[in-house]
Trainee: 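The structure is given below, and queries will be raised subsequently.
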Amino acid sequence: MNSFDPKSWYQASSPKQTERARLSGDRHTDVCVIGAGLTGLSAAIALRDLGLNVMVLEAKTVGYGASGRNGGHVGVGQRRGQLILERWLGLEHAKALWQLGLEAVDLVSELICRFEIECELKTGNLFASANPKLTADLQREVDHLHTVYDYSGARYLSPQELQQETEAQGLIDGVLDSNAKHLHPLKYVHGLARAAETLGCEIFEYTQVTRIQQDSDTVKIYTEHGTVCANKVVLACNAYIDQLEPRLTSKIMPINNYMIATEPLSEELARSITRSDVAIADSQFVVNYWKLSADKRLLFGGGETYSRRFPDNIKAFVRPHLLSRYPQLTQTQITHGWGGTLAITRNRLPNVGHIKQQVYYAQGFSGHGISIGTLAGKLMAEAIVGQGDGFEQLCRIPIKSFPGGPLLRWSTLVAGMLFYSLKDKLSPKVRSLV
């Protein structure tokens with residue numbers, strides 16, 4: 001993470017966590033999970049349910065990365081719409097991925113219920129278009145979901161209906177998904193960690209993995225103060241993979257995204273943001289996304305950077321994005337500003353697979369990590385014991401490397417992202433569903 005690491009509202013509003021020990025000495029386990037975010041902890045819970053011994057190694061603290069810093073949206077489906085997936089992958093594979101997307105949201109809800117995780121879980125996500133040319137696409141996607149997928153959870157909102165839901169400026173119409181969720185991500189990931197430990201999983205913090213060595217029947221994981229010998233490894237590092245496994249690095253691109261939190265809003269202002277208390281995201285290429293907290297703060301994400309540094313003043317960096325949607329908040333105080341690093345793939349679909357049936361990995365959730373990241377952890381656990389075919393459905397998604405490989409991909413990405421960011425400012429670029 002960036003050396004400039006301001007405290008998020010999620011940290012400020014979460015109960016203080018007991019610091020966990022570092023790994024020391026030489027240990028052995030059935031499965032070693034690297035990364036204590038949503039994917040790693042979901043995998044640990046599922047592996048314990050399957051009767052395997054599990055250790056989790058985390059370079060910082062539980063939920064330190066994007067898992068504990070994101071917008072809290074729990075979307076249905078994949079990051080791309082079904083019509084796009086059908087063109088890319090065919091109807092059968094697209095339908096399988098749709099079913100996994102439904103299971104992902106259900107899994108998040110089931111884990112929250114099973115382990116009594118208090119994380120401000122709410123229902124309803126709204127995709128709002130900033131471009132009138134997208135109207136026909138939105139309507140076609142909703143109709144397609146209803147007729148081909150028998151899914152009635154998504155509803156097209158006309159301009160008049162959208163205005164009744166939110167007073168956000170510059171938006172035309174949208175799609176409301178009544179089965180999607182939103183939550184407090186850091187409370188959620190902390191709850192998963194407690195659940196994993198309750199089931200008997202060991203979690204070590206401040207334990208940076210420096211090297212992985214695959215032998216014929218075991219994998220050895222090296223850290224500064226100890227080693228772990230495991231039968232299997234789950235790599236759940238996402239944007240923080242770096243050179244730990246070079247074969248995966250070029251498949252993803254780390255990018256920085258930023259959020260702010262306002263002071264608690266009046267009831268009138270809160271209703272102007274979202275009358276039904278749903279989470280909202282717009283169709284900009286660099287997406288703006290927002291929701292209300294339990295105490296009616298506006299949690300707003302906007303703006304990206306593509307270097308390894310965060311802006312010196314994140315509040316000032318995000319504020320123009322906020323005011324472009326809600327100018328009535330000009331006098332509202334911004335109390336917190338923070339950033340996080342996530343990983344994207346070229347087609348914005350998850351990169352999932354295994355190396356020699358020993359090292360399993362899932363990464364590149366591209367902003368869809370709460371649902372798909374949680375599910376990917378469970379699917380990896382099932383694949384390790386030879387159960388289910390969901391993991392293979394994700395493995396079948398073709399993921400191309402970024403041009404230039406690990407060394408030169410940054411310059412390519414920056415050029416492309418800056419181009420589309422400029423198009424956002426000049427004429428809104430649609431994040432098309434179809």
Side-chain angles (χ1 to χ4, degrees), residues 29-47 50 52 54-59 65-67 78-79 97 100 104 207-215 218-223 228 230-254 341-366 368-402 405-406 409:
T29 188
D30 293 330
V31 184
C32 180
V33 176
I34 303 175
L38 297 173
T39 302
L41 293 170
S42 173
I45 290 169
L47 288 162
L50 292 166
L52 298 179
V54 185
M55 289 183 186
V56 179
L57 308 183
E58 166 57 46
S67 292
Q78 303 292 331
R79 179 63 170 74
L97 293 179
L100 289 177
T207 301
Q208 175 77 52
V209 175
T210 57
R211 184 163 64 96
I212 300 172
Q213 178 182 316
Q214 288 184 252
D215 297 323
T218 60
V219 185
K220 199 163 188 179
I221 301 96
Y222 293 87
T223 75
V228 176
N231 300 324
K232 308 286 184 182
V233 168
V234 168
L235 280 178
C237 307
N238 204 31
Y240 300 86
I241 189 75
D242 294 326
Q243 292 303 308
L244 184 60
E245 179 43 76
R247 286 169 287 190
L248 304 183
T249 307
S250 63
K251 299 292 186 181
I252 58 170
M253 179 67 65
T341 304
L342 67 149
I344 62 173
T345 60
R346 287 182 64 181
N347 61 8
R348 303 305 190 267
L349 297 174
N351 178 215
V352 175
H354 56 76
I355 302 170
K356 297 180 180 178
Q357 300 290 336
Q358 289 179 311
V359 176
Y360 291 74
Y361 62 86
Q363 59 179 11
F365 302 113
S366 305
H368 219 55
I370 296 183
S371 54
I372 300 302
T374 298
L375 179 70
K378 180 175 183 284
L379 296 182
M380 283 190 287
E382 292 174 348
I384 284 172
V385 299
Q387 295 182 5
D389 65 352
F391 180 76
E392 291 303 320
Q393 295 292 351
L394 292 182
C395 289
R396 289 175 55 203
I397 299 173
I399 303 294
K400 294 182 179 180
S401 296
F402 279 88
R409 59 190 171 143

Trainee: In Å, rounded to the nearest 0.5 Å, how long is the span from CD1 of Ile372 to CG of Leu38?
Mentor: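 Here the interatomic distance stands at 12.0 Å.
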Trainee: I'd like to check the side-chain hydrogen bond (donor to acceptor under 3.5 Å, both in side chains) partners of Thr39; sequence neighbours left out, ordered by chain and number.
Mentor: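 Once residues adjacent in sequence are excluded, Thr39 has no partner under the side-chain hydrogen bond (donor to acceptor under 3.5 Å, both in side chains) criterion.
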Trainee: Report the residues that fulfil side-chain hydrogen bond (donor to acceptor under 3.5 Å, both in side chains) with Thr223, sequence neighbours left out, ordered by chain and then residue number.
Mentor: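 Checked Thr223 against side-chain hydrogen bond (donor to acceptor under 3.5 Å, both in side chains); zero matches.
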Trainee: So do the side chains of Val33 and Leu47 get within less than 4.5 Å of each other, counting heavy atoms only?
Mentor: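 A side-chain contact under 4.5 Å exists here.
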Trainee: Output all residues satisfying salt bridge (Lys or Arg N to Asp or Glu O under 4.0 Å) with Arg211, sequence neighbours left out; order by chain, then residue number.
Mentor: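 Listed in chain order: nothing, the list is empty.
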Trainee: To check you understand the geometry: which heavy-atom pair defines the closest contact between Ala362 and Val352, and what is its length?
Mentor: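 Heavy-atom minimum between the residues: CB-CG2, 3.9 Å.
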Trainee: Please find the pair of heavy atoms, one from Pro254 and one from Thr341, that lie closest to each other, and give the distance.
Mentor: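 Heavy atoms only, the tightest pair is CB-CG2, 3.8 Å.
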Trainee: Please check if the side chain of Asp30 supplies one atom and the backbone of Ala230 the other of a donor-acceptor pair under 3.5 Å.
Mentor: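 Between the backbone of Ala230 and the side chain of Asp30 there is no qualifying donor-acceptor contact (under 3.5 Å).
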Trainee: Taking the side chain as C-beta and beyond, is there a heavy-atom pair between Val219 and Cys32 under 4.5 Å?
Mentor: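 Counting from C-beta outward, Val219 and Cys32 never come under 4.5 Å.
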Trainee: Please examine the side chains of Leu394 and Leu97, heavy atoms only from C-beta on, and report whether any two atoms are closer than 4.5 Å.
Mentor: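 Side-chain contact under 4.5 Å: yes.
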Trainee: Taking the side chain from Thr210 and the backbone from Tyr222, do they hold a donor-acceptor pair closer than 3.5 Å?
Mentor: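 Yes: the side chain of Thr210 pairs with the backbone of Tyr222.
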Trainee: Can you list the residues that meet the side chain to side chain contact (heavy atoms under 4.5 Å, CB included) rule with Thr218, with sequence neighbours excluded?
Mentor: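 Side chain to side chain contact (heavy atoms under 4.5 Å, CB included) list for Thr218, sorted by chain: Asp215, Cys229, Asn231.
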Trainee: Asn351: which residues meet the side chain to side chain contact (heavy atoms under 4.5 Å, CB included) condition with it, sequence neighbours left out?
Mentor: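 Listed in chain order: Lys251, Thr345, Tyr361, Gln363, Ile399.
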Trainee: For the residue pair Val234 and Val54, establish whether any side-chain heavy-atom pair is separated by less than 4.5 Å.
Mentor: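 No, side chains not in contact.
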Trainee: Taking C-beta and beyond as the side chain, do Ile212 and Leu235 meet within less than 4.5 Å on heavy atoms?
Mentor: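 A side-chain contact exists here, since the closest heavy-atom pair is under 4.5 Å.
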Trainee: Under a 4.5 Å cut-off applied to non-hydrogen side-chain atoms, are Pro350 and Gln78 in contact?
Mentor: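 In contact.
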Trainee: Side chains of Ile344 and Phe402: does their closest heavy-atom pair fall under 4.5 Å?
Mentor: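 Yes - at least one pair of side-chain heavy atoms lies under 4.5 Å apart.
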Trainee: Counting only N and O atoms by type, is there a donor-acceptor contact under 3.5 Å from the side chain of Ser67 to the main-chain atoms of Gly65?
Mentor: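 Between the backbone of Gly65 and the side chain of Ser67 there is no qualifying donor-acceptor contact (under 3.5 Å).
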Trainee: Closest approach of Thr374 and Ile370, non-hydrogen atoms and distance?
Mentor: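 Heavy atoms only, the tightest pair is OG1-O, 2.5 Å.
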Trainee: My understanding is that only residues two or more places apart in sequence, or in another chain, count here; which of them pass side-chain hydrogen bond (donor to acceptor under 3.5 Å, both in side chains) with Gln208?
Mentor: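 In terms of side-chain hydrogen bond (donor to acceptor under 3.5 Å, both in side chains), with neighbours along the sequence ignored, Gln208 is linked to no residue.
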Trainee: For a quick test of reading the model, state the closest non-hydrogen atom pair linking Asp242 to Thr249 and the distance between them.
Mentor: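 Scanning both residues, the minimum pair turns out to be O-OG1, 2.6 Å.
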Trainee: Considering only residues two or more places apart or on different chains, which pairs with a residue in residues 385-400 satisfy salt bridge (charged side-chain N to carboxylate O under 4.0 Å, His left out)?
Mentor: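 Qualifying pairs: none.
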Trainee: What residues form a salt bridge (Lys or Arg N to Asp or Glu O under 4.0 Å) with Lys378, not counting sequence neighbours?
Mentor: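 Applying salt bridge (Lys or Arg N to Asp or Glu O under 4.0 Å) to Lys378 gives Glu382.
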Trainee: With sequence neighbours excluded, give me every ring pair (Phe, Tyr, Trp, His ring centres under 6.0 Å) pair touching residues 377-399.
Mentor: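 Qualifying pairs, neighbours excluded: Tyr360-Phe391.
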Trainee: Is the shortest heavy-atom distance from the side chain of Leu50 to the side chain of Ile384 under 4.5 Å?
Mentor: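 With C-beta onward as the side chain, the pair stays apart.
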Trainee: Does Glu58 have any side-chain hydrogen bond (donor to acceptor under 3.5 Å, both in side chains) partners at least two apart in sequence or in another chain, and if so, which?
Mentor: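 Checked Glu58 against side-chain hydrogen bond (donor to acceptor under 3.5 Å, both in side chains); zero matches.
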